[in-house]
Number of protein chains: 2
Amino acid sequence: MDNINIKELARALGLSTSTVSRAFRDNSDISKETKERILSMAKQLNYQPNHYASNLREQRSKTIAVIVPELANNFFSQAIHGIERVAREKGYHILIYATEDDFAKEVSFIRHLHNGRADGIIMSVSGEANDHTYLNELAKKRLPLVFFDRVYEDIITPRVITNDYQSSFIAIQHLIKQGCKRIAYLVINKNLSIGKTRMQGYIDALAKFNIPFDEDLIIDCTQSYKKNHVILKDMLKKIKPDGVFTSVERLAFATYYACYELNVNIPDQLKVIGFSSLEIAPLLNPSLSTITQPATKIGIEAAELLFKMLEDPLSVDPHKRVVLDSKLVKRNSTGA
Amino acid sequence: MDNINIKELARALGLSTSTVSRAFRDNSDISKETKERILSMAKQLNYQPNHYASNLREQRSKTIAVIVPELANNFFSQAIHGIERVAREKGYHILIYATEDDFAKEVSFIRHLHNGRADGIIMSVSGEANDHTYLNELAKKRLPLVFFDRVYEDIITPRVITNDYQSSFIAIQHLIKQGCKRIAYLVINKNLSIGKTRMQGYIDALAKFNIPFDEDLIIDCTQSYKKNHVILKDMLKKIKPDGVFTSVERLAFATYYACYELNVNIPDQLKVIGFSSLEIAPLLNPSLSTITQPATKIGIEAAELLFKMLEDPLSVDPHKRVVLDSKLVKRNSTGA
DNA sequence: TTGTAGGCGTTATCAA
DNA sequence: TTGATAACGCCTACAA
C-alpha cells in the first residue's frame, strides 16, 4: 500500500507494465475496455506516476523556475501569481528562487538549473554590474529564458518590460506641472539599466521644461533600510528638494518615514511620486501618487512567452520585447 | 557539449562512471588526486548531475512543496521568504502552489504531490468546511506535512501557529479601553477554526468587561472585494459600530475604503484594529493599529520542523504545536 | 582505490 | 491490442 508503482498496478490487473503505461498516454493504441479497467484500478489504489522516472525518461520536467530579487514586494508577488496561473493551466509546476539581490545567489541558482530540474526559466535579474556570460550556457542546454522587468541588456533573450522611459517622463512632467523645480531622483543602483532608463525619462522631462539637471539631486540609495533612512533625512535637510521621484516602491515608503520624522509636509513642502504596485496606495497618508506597473499581466505575458518557446523554440525571436504600459495615478502626495 | 552526463565525463577522463560518481559524494572512498581531477574537469565541462536521475535512484527529491491560499498577501509572502531561506541552507528547493482559497485546487495539488515530486509539504489550508481525510493518505506515503497559521484541527500533524486567542483578547481589551462599546468583528468565514479562535478571544474580552455579545456585530465577509465593500458600507450605516476588529488584513483595508466613502472619521467615530503583517501600517491614514504576526519566523519554524521530520520522522510528535506570539501595536486608528 | 553490473519507475520500440 | 525489452542518468553493492 505504500508506494504503488506501475509494476504493482500491472500485477494487480494481470497486465504488463507497458499496457498500463499506455492507459495514461492518450495517443497509444489500447482498447477502451482495458483502459477503463486500468484507470479505475489506478484510482482505487491511488496510483500516481512517478514524476522523476517520467522526467528521466522523457527528458523534461514540466517545471519552470522563477527567479526574483525579493519575495516580500508587491510587484514580484503579483508577477509570480500571474506566472503561477499560466503554469497551472498548462500543467506545469513552478520553482521559486529569491536572490535577495545577491548576484552570487543568482549565478548559483542558474547553475543548479543546468541539471534538467526545470524546462525553462523566468527571471528578474539582480546583478547588472557583473559578467552575464554564464547565461549564455543556458542556450547550449536548450533551456529557454525569459526576462521580466529587470533585465540584462547585453543578453539576447525575450523579455517583458514596461514603458519605463515614458512613465518616468510623464511622472516628472506631472511633478513640474504641480510646481516642483528641484526634483530628486531616488534610485537603488543607478547603474542598473532599469534605473538608467527611468533616469533618462527624468532628465529629458526636465530638459523639456528648461529645468537644469543637477547631479546632486540623483540620490543613490542602498539595500539597507537603515542606511537609506539616514541618506534620505540627510537629503531632505541639505538638498532641500521640492519633489521626489522614486524608482522603486520602498524608497517612497522610506521618504514618507523621513518626512514624518522631520515634519516635512507632503505634499505642501515636498511632492512624492514613485513606481509602485501597492494596492493600498490610496490609503497612505497622504495617498501616494504612483506609476503602477501591470504586475500580474507582466507575469502572465512572461509565462506565455516561455511556453511558446517551449512548444517551438524557433517561434519566438530572441530579440522579442513585450512592452506593457504602466499607468500614472495622481493622488494627494503630489497635491493632485 | 550539449547535455553532458556522467558517462561522457568519465570517458573524457578515462575513468569509470562509478569513480566519477564517487567524486561528488563525500563518504565514498576515492583518492584525493582523482577526485580533484574529476571535479576540475566537471567544472570545465560545466557538468551538473541530473537531478531526476538522482532522485529516481535515491527516492527523494530534495524539494519541499509550499501550499498557500494566496501569494499577494504580506503574511504569506513573508512566510514563504522564511521557508525559502531555511530550504536553501539545507540545499532544498521549494515548489510553490497558490490555491486561491479554492479547496478543489488544494486537493488537486496534494494529489499531485503523491508522486514523489516533493519530500515534504508545508501548507496553510483553504478548505475548512470540507472532508480532510485525503490528507491521511500522505502519512502512508511517508510524506511529512506541517501546517502553519491556517490549520485543520481534525488532522493530526505538526503545526506552527500564533496565539490567536490571546491576541484577539488583548486587541479587544485595547478597543474597550479606548472607549468602544459596540465592536464589530469582521471575518472571512466564521466557521474556519482560525476565525473561531479569534472570535472566542473577542467574546471573552467582551464578557470580561460586561459588554453583552451581539450576534449582529459578527460580520461574515466574502472573498470578493466588491461584495465586501457593499457589506461594510451597509454595516457602517445600519449597525453603527464604534470599533472594528478584523481577522484578516484586507478587511481592515476594506474598512478604511468604506469609511473614506462615507466620511466616517477614524478613530473619532470608529476605531479599527486588525491582524496584519503590513510593514507600512504606520504610513496609513490614519496609521493602523495591528496585531502583527511574526510571519517570517513562522515560515522558518515550519521549515525547521519539516526538516526535522525528514531527518527522523519519529523525532517529532505529530501533536506538536509551535505557538508563536503576535504583537499588539497601538497606532492612531485606535486613537492611541 | 577503481571498475562492473543492476536497478530506481517510466516510456518507446519492436515483436507477437 | 498487448507484452518483452532496452534505455533515460545516476548510485551502490560487490568484485577486482
Side-chain angles (χ1 to χ4, degrees), chain A residues 2-39 41-42 45-63 91 112-119 141-142, chain B residues 2-39 41-42 45-63 91 112-119 141-142:
Chain A
D2 202 34
N3 248 333
I4 180 134
N5 58 27
I6 207 168
K7 227 162 160 180
E8 296 184 42
L9 185 55
R11 197 171 42 212
L13 288 154
L15 290 168
S16 74
T17 58
S18 30
T19 309
V20 174
S21 174
R22 270 188 273 264
F24 296 100
R25 336 233 70 247
D26 290 337
N27 52 341
S28 305
D29 298 313
I30 187 171
S31 78
K32 250 180 208 166
E33 211 179 320
T34 23
K35 180 165 180 173
E36 274 163 25
R37 210 155 65 84
I38 293 169
L39 291 182
M41 178 65 93
L45 296 182
N46 190 29
Y47 165 73
Q48 291 283 339
N50 182 297
H51 192 249
Y52 292 97
S54 307
N55 288 166
L56 179 58
R57 182 60 227 237
E58 298 189 11
Q59 303 288 55
R60 66 203 180 105
S61 61
K62 282 239 174 194
T63 301
H112 266 297
L113 292 170
H114 278 246
N115 65 2
R117 180 112 226 211
D119 295 339
K141 302 257 177 174
R142 307 216 189 83
Chain B
D2 203 32
N3 249 334
I4 180 134
N5 58 26
I6 208 170
K7 226 167 167 175
E8 297 184 41
L9 186 54
R11 197 170 44 212
L13 287 154
L15 290 168
S16 76
T17 59
S18 39
T19 310
V20 174
S21 174
R22 270 189 272 264
F24 296 99
R25 333 235 75 243
D26 291 335
N27 53 341
S28 305
D29 299 313
I30 187 171
S31 77
K32 251 180 206 165
E33 213 178 320
T34 23
K35 180 165 180 173
E36 274 163 25
R37 211 156 65 84
I38 294 170
L39 291 183
M41 178 64 95
L45 297 182
N46 190 29
Y47 165 74
Q48 292 282 338
N50 182 297
H51 190 251
Y52 293 97
S54 312
N55 288 166
L56 179 57
R57 180 58 225 243
E58 299 189 13
Q59 302 288 53
R60 67 203 180 105
S61 61
K62 283 238 171 195
T63 301
H112 266 297
L113 290 170
H114 278 247
N115 64 2
R117 179 112 227 210
D119 295 339
K141 302 256 177 177
R142 304 213 189 85

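Only this structure's heavy atoms are used, side chains among them; waters, hydrogens and symmetry mates stay out. Naming: A, B, ... by sequence-line order, numbering from 1 per chain. Nothing here was measured: the structure is a model prediction, and the numbers come from that model.
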Would you mind reading off the distance between [X] atom [atom1] and [N] atom [atom2], rounded to a whole angstrom?
X: Lys62(A); N: dT10(C); atom1: NZ; atom2: P; value: 16 Å
X: Arg25(B); N: dT1(C); atom1: CZ; atom2: C1'; value: 18 Å
X: Arg11(A); N: dT10(C); atom1: CZ; atom2: P; value: 13 Å
X: Leu9(A); N: dT11(C); atom1: CG; atom2: P; value: 12 Å
X: Phe24(A); N: dT10(C); atom1: CZ; atom2: P; value: 9 Å
X: Lys32(A); N: dT1(D); atom1: NZ; atom2: P; value: 11 Å
X: Ile4(B); N: dC8(D); atom1: CD1; atom2: C1'; value: 16 Å
X: Asn55(A); N: dA7(D); atom1: CG; atom2: C1'; value: 16 Å

- Can you sort out the partners of Thr19(B) under side-chain hydrogen bond (donor to acceptor under 3.5 Å, both in side chains), two or more places apart, ordered by chain and number?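 Counting only residues at least two positions away or on another chain, Thr19(B) forms a side-chain hydrogen bond (donor to acceptor under 3.5 Å, both in side chains) with Ser16(B).
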- Task: Not counting sequence neighbours, which residues clear side-chain hydrogen bond (donor to acceptor under 3.5 Å, both in side chains) with Asn5(B)? List them please.
- Result: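 In terms of side-chain hydrogen bond (donor to acceptor under 3.5 Å, both in side chains), with neighbours along the sequence ignored, Asn5(B) is linked to no residue.
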- Message: So, using side-chain contact (heavy atoms from CB on, under 4.5 Å) as the criterion, who are the partners of Arg57(A) when residues are at least two apart?
- Response: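 For Arg57(A), no residue satisfies side-chain contact (heavy atoms from CB on, under 4.5 Å) once neighbours in sequence are set aside.
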- Message: Once side-chain contact (heavy atoms from CB on, under 4.5 Å) is applied, do any residues pair with Asn115(B), and if so which ones, sequence neighbours excluded?
- Response: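 Asn115(B) satisfies side-chain contact (heavy atoms from CB on, under 4.5 Å) with Gln48(A), His51(A), Arg117(B) once adjacent residues are dropped.
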- Message: Checking Arg60(B) now: which residues fulfil salt bridge (Lys or Arg N to Asp or Glu O under 4.0 Å) with it, not counting sequence neighbours?
- Response: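 Partners of Arg60(B) under the salt bridge (Lys or Arg N to Asp or Glu O under 4.0 Å) test: Glu58(B).
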Contacts under 3.5 angstrom, residues 32-39 of chain B side chains, donor-acceptor by atom type, not counting sequence neighbours:
{"unit_1": "Thr34(B)", "atom_1": "OG1", "unit_2": "Ser31(B)", "atom_2": "O", "d": "3.1"}
{"unit_1": "Thr34(B)", "atom_1": "OG1", "unit_2": "Ser31(B)", "atom_2": "OG", "d": "2.3"}

- Protein-to-nucleotide contact annotation, 5' to 3' order, nucleotides 2-9 of chain C [B base; S sugar-phosphate only; - none; under 4.0 Å, heavy atom]: BBB-BBBB
- OH/Tyr52(A) to OG1/Thr63(B) distance, rounded to the nearest 0.5 angstrom?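 Rounded to the nearest 0.5 Å, the OH-OG1 separation comes out at 4.0 Å.
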- Query: Are the side chain of Ser61(B) and the backbone N or O of Asp119(B) linked by a donor-acceptor pair below 3.5 Å?
  - Reply: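 Yes, the answer is positive, given that a donor and an acceptor are paired below the 3.5 Å cut-off.
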- When Watson-Crick pairs (N1 to N3 and N6-O4 or O6-N4) and G-U wobble pairs (N1-O2 and O6-N3) count only below 3.5 Å on both distances, what is the dot-bracket string of DNA chain C, with | for other-strand pairs? ||||||||||||||||
- Query: Got a sec, which residues hit ring pair (Phe, Tyr, Trp, His ring centres under 6.0 Å) with His114(A), two or more places apart in sequence or on another chain?
  - Reply: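 For His114(A) there are no ring pair (Phe, Tyr, Trp, His ring centres under 6.0 Å) partners, ignoring immediate neighbours.
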